[in-house]
Amino acid sequence: DNENYHRSKNDDDNSRSKETKETRLMMQKQNEDRAEGQGVFAKKQRVRYHHKTTGNEFDAVIVDVHLDDGLDHPYYTIQYRDSFIDESEDSTVEKQTTPDRLKRLGWDAEKTWEIIR
């Protein structure tokens, strides 16, 4: 019966883990929907970043939301991987940008989970 206890405990752990994942994804989706309703982006949201100088576009993540200039003028710290940088180097780029260079990406639970877990 010790084996049944361990099997049951593992099933409970897996169930809780699944609930936690679903709950966290639901909360992130709600945050993104709420932000969209306010015309802004949410922290940990996936976006498309337009690099004005090169014209390249990158999938990025909102790392932080800044409201120093007021609610009407948010700016964002984003992070993305620059595929144009030599692969032997760390190609992760973090920078601040304005909303005019960002586009919303469609909701993707699996990609979002990779960010928030």
Side-chain angles (χ1 to χ4, degrees):
D1 281 317
N2 195 18
E3 182 179 323
N4 286 337
Y5 167 78
H6 287 295
R7 189 177 308 129
S8 175
K9 182 173 179 354
N10 286 340
D11 289 346
D12 287 347
D13 288 346
N14 288 338
S15 177
R16 259 187 249 119
S17 176
K18 185 176 180 184
E19 286 174 18
T20 300
K21 178 180 178 180
E22 289 173 2
T23 300
R24 290 183 62 201
L25 282 168
M26 182 183 70
M27 289 172 57
Q28 180 64 27
K29 177 78 166 95
Q30 288 173 347
N31 288 342
E32 291 181 22
D33 290 346
R34 191 175 314 111
E36 183 175 12
Q38 297 171 352
V40 296
F41 296 97
K43 194 171 181 178
K44 298 185 180 179
Q45 182 171 356
R46 297 172 46 253
V47 294
R48 190 82 162 146
Y49 167 66
H50 175 76
H51 191 278
K52 198 172 187 179
T53 307
T54 64
N56 296 325
E57 292 198 346
F58 302 93
D59 286 350
V61 175
I62 303 288
V63 176
D64 208 353
V65 179
H66 307 278
L67 301 172
D68 305 358
D69 298 331
L71 295 173
D72 294 343
H73 302 286
Y75 63 98
Y76 304 92
T77 301
I78 62 167
Q79 192 173 71
Y80 64 93
R81 296 188 69 75
D82 187 339
S83 55
F84 297 96
I85 293 178
D86 182 351
E87 289 185 24
S88 64
E89 298 178 34
D90 179 13
S91 63
T92 301
V93 177
E94 186 170 297
K95 65 185 334 178
Q96 292 182 344
T97 191
T98 54
D100 59 308
R101 295 190 186 185
L102 303 174
K103 291 182 195 167
R104 293 181 195 289
L105 291 175
W107 175 257
D108 184 314
E110 291 308 311
K111 288 181 180 178
T112 300
W113 181 244
E114 289 301 312
I115 295 164
I116 67 173
R117 66 185 194 162

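Excluded from the calculations below are hydrogen atoms, water molecules and symmetry mates; all remaining heavy atoms, backbone and side chain alike, are included.
The closest side-chain heavy-atom distance from Leu25 to Trp107 is below 4.5 Å.
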Please lay out, stage by stage, how Arg81 and Phe58 fare under the test side chain to side chain contact (heavy atoms under 4.5 Å, CB included).
-> CA-CA 7 Å; Arg81 296 188 69 75; Phe58 302 93; over 6 Å; no

Kindly determine whether Glu36 and Gln45 satisfy side chain to side chain contact (heavy atoms under 4.5 Å, CB included), including the steps that lead there.
-> CA-CA 11 Å; Glu36 183 175 12; Gln45 182 171 356; over 6 Å; no

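Rounding to the nearest 0.5 Å places CD1 of Ile78 at 12.5 Å from CG of Asp64. Note: Lys52 NZ to Thr98 OG1 = 7.5 Å, rounded to the nearest 0.5 Å. Separating the CE atom in Met27 from the CD1 atom in Ile116 is a distance of 9.0 Å, to the nearest 0.5 Å. Arg24 contributes atom CZ, which lies 11.5 Å from atom OG1 of Thr112 (distance to the nearest 0.5 angstrom).
Contact between Ile62 and Val65 at its shortest, heavy atoms only, is CG2-CG2, 4.0 Å. Of all the heavy atoms in Ala35 and Ala42, the pair that sits closest is CB-N, 3.8 Å. Across Tyr80 and Asp59, no two heavy atoms sit closer than the pair CB-O, 3.3 Å.
Between Tyr76 and Phe41, the ring planes are perpendicular. Angles over 60° get that label, and only those under 30° would be called parallel.
Shown are Gln28, Gln30, Arg34; of these, the side-chain hydrogen bond (donor to acceptor under 3.5 Å, both in side chains) with Glu32 is made only by Gln28.
For the pair Arg46 (side chain) and Gly106 (backbone), a donor-acceptor distance under 3.5 Å is present.
Other residues, nucleotides and ligands contribute only 12 or fewer heavy atoms inside 6.0 Å of the NZ atom of Lys111. Few gaps surround CE on Met26; more than 12 heavy atoms of other groups in view lie less than 6.0 Å from it. More than 12 heavy atoms of other residues, nucleotides or ligands sit less than 6.0 Å from atom NE2 of His66.
A continuous path of hydrophobic side-chain contacts links Leu67 to Leu102 [ILVMFWY only; heavy atoms under 4.5 Å]. One hydrophobic cluster, built from ILVMFWY side chains closer than 4.5 Å, cannot hold both Val40 and Val63; they sit in different ones.
The residues Lys21 and Glu110 are annotated as salt-bridged, a charged nitrogen and a carboxylate oxygen being separated by less than 4.0 angstrom.
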